[in-house]
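What follows is a single structure, and I will ask about it in a moment.
This structure is a prediction, so every number in the text was calculated from the model and none was measured. Lettering follows sequence order; numbering is per chain, from 1. Just so you know, these numbers use all the heavy atoms, side chains as well, and skip hydrogens, waters and symmetry mates.
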2 protein chains.
Amino acid sequence: MPKTRLDDIDRKIIDALQIDGRMTAQQLAEKVGLSASPCARRVRLMEDMGVITSYTAVIDQDLVDLPISVFASIKLERQREDELERFNAAITRWPEVVDCYLMTGQRDYLLRVVVRDLHAYERFLKEKLTRLDGVASIESSFALAQIKRSNRLPL
Amino acid sequence: MPKTRLDDIDRKIIDALQIDGRMTAQQLAEKVGLSASPCARRVRLMEDMGVITSYTAVIDQDLVDLPISVFASIKLERQREDELERFNAAITRWPEVVDCYLMTGQRDYLLRVVVRDLHAYERFLKEKLTRLDGVASIESSFALAQIKRSNRLPL
DNA sequence: TAGTTTTTGGCATGAAACACCATTCTTGAT
DNA sequence: ATCAAGAATGGTGTTTCATGCCAAAAACTA
């Protein structure tokens, strides 16, 4: 079983890989003050532990013609276990929904939906979200601009 | 100047790199039906164009002991250009704020703040957010669970 | 301190990235 | 339809990187 505790070097590695996920073991080594092979081993361990979930390319939404982010707050009629399950399954299936959180407070879910234009959002609402039964209300807020998107956790 | 239009192969490449940002040119090649060297060239071009902004490691928040995501909606007293600028600068500086959007509607900003525990959030509010002048109100909603976080844009 | 365990750093091997070039494909004009 | 010009492709050689292995160093325990 892999070790479960992270030390300062691990955190430095995580931070460096959040900034550049393709950094080589040697570059990492210089950053964190260790040689390449223990660095590579630590990275692999953290992957195996699930600390590092995956690596991803960060894409400019505007340049791929998906400039609209809509935040949709959703309230369900009831919060029965199986209703939530069905909702989660649908959300997971729909590619327009890039983020989804179960929330405290008035609203049950907060989604971020990414689309090409408002018409595409309307289609998403009509053909998908509003067809799900159990949805009591939807409140959409539109993002005018992305001020920050950091990828770095405050370790 | 680099070409500006993306074709189907480019989109496949983007999709593949969102799923695995460390995929090799050869693996990419198989996925998209091209040989390795043109694949690598397309990737580099998209990096140069800014379509691919960066690569990042995706980290499990729970396993690095940062389990709390708070969404904070913020309303400013006025929307003067320089007020917005100062707000943006502060947000950018604070590592707890991982995402920030300028919004339409009642509230001006939507932040996602990541912290270790509620006490850390309280500190963030007291020592940072509420000390910014120009902030008229803050409404915090807590995420109970992350249902989806996809990294893949609906290309 | 001595013994045990863990972690480190170097090395060899196989794979990947990168730059270069000939060939193929596409395009546009005649 | 033909031909020429430009662009994209796929292969090759070189350098760099990842990976597995092992001896040495460090940390930890008794």
Whole-Å gap separating P (D:dC28) and CG (A:Asp7):
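Taking atom P of D:dC28 as the reference, CG of A:Asp7 is at 11 Å.
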Heavy-atom closest pair, residues A:Val97 and B:Lys148:
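The answer is O-NZ, 2.9 Å.
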Quickly work out the A:Ile13 CD1 to C:dT7 P distance and round it to whole Å.
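Atom-to-atom, A:Ile13 to C:dT7, this comes out as 13 Å.
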Which residue lies toward the 5' end of DNA chain C, A:Arg22 or A:Pro38, if each is placed at its nearest nucleotide?
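Nearest-nucleotide comparison on DNA chain C picks A:Pro38.
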Protein-nucleotide distance (A:Ile9, atom CD1; C:dT7, atom P), rounded to Å:
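Checked: the CD1 to P distance equals 11 Å.
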Report yes if at least one side-chain N or O of A:Arg42 is closer than 4.0 Å to OP1 or OP2 of C:dT8; otherwise report no.
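So the side-chain polar atoms of A:Arg42 do come within 4.0 Å of the phosphate oxygens OP1 or OP2 of C:dT8, strictly under.
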For B:Gln26, is the CD atom crowded, meaning more than 12 foreign heavy atoms sit under 6.0 Å from it?
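It does not: B:Gln26 CD has 12 such atoms or fewer within range.
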Using a 4.0 Å heavy-atom cut-off, does A:Ala40 contact any base of the nucleic acid, only the sugar-phosphate backbone, or nothing at all?
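Result for A:Ala40 = nothing.
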What is the separation between atom CE on B:Met23 and atom C1' on C:dA15, rounded to the nearest whole Å?
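About 16 Å, once rounded to whole Å.
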Reckon B:Arg44 has a side-chain N or O less than 4.0 Å from the OP1 or OP2 of C:dA19?
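For B:Arg44, the contact criterion (side-chain N or O under 4.0 Å from OP1 or OP2 of C:dA19) is met.
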Calculate the interatomic distance between B:Arg41 atom CZ and C:dC21 atom C1'; express it in whole Å.
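That distance rounds to 11 Å.
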Using a 4.5 Å cut-off on heavy atoms from C-beta on, say whether the side chain of A:Val98 contacts that of B:Arg152.
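No - every pair of side-chain heavy atoms lies 4.5 Å or more apart.
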Partner of B:Tyr109 under ring-ring contact (aromatic ring centres under 6.0 Å, His included), chosen from B:Tyr101, B:Phe87, B:Phe71:
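Going through B:Tyr101, B:Phe87, B:Phe71 one by one, the ring-ring contact (aromatic ring centres under 6.0 Å, His included) with B:Tyr109 is satisfied by B:Phe87 alone.
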Whole-Å distance separating the CD atom of A:Gln26 from the P atom of D:dT15
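Atom CD in A:Gln26 sits about 16 Å away from atom P in D:dT15.
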Provide, to the nearest angstrom, the distance between the CG atom belonging to B:Asp48 and the P atom belonging to C:dC18.
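That distance rounds to 11 Å.
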Counting only heavy atoms and a strict 4.0 angstrom limit, can you tell me which residues of residues 27-37 of chain B come near DNA chain D?
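Residues of residues 27-37 of chain B that come under 4.0 Å of DNA chain D are, in numerical order, B:Leu34, B:Ser35, B:Ser37.
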So which pairs with a foot in residues 127-144 of chain A pass salt bridge (Lys or Arg N to Asp or Glu O under 4.0 Å), sequence neighbours left out?
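Qualifying pairs, neighbours excluded: A:Arg86-A:Asp133, A:Glu96-A:Lys128.
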Could you give the CZ-to-P distance, from A:Arg5 to D:dC28, as a whole number of Å?
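In whole Å, D:dC28 P and A:Arg5 CZ are 15 Å from each other.
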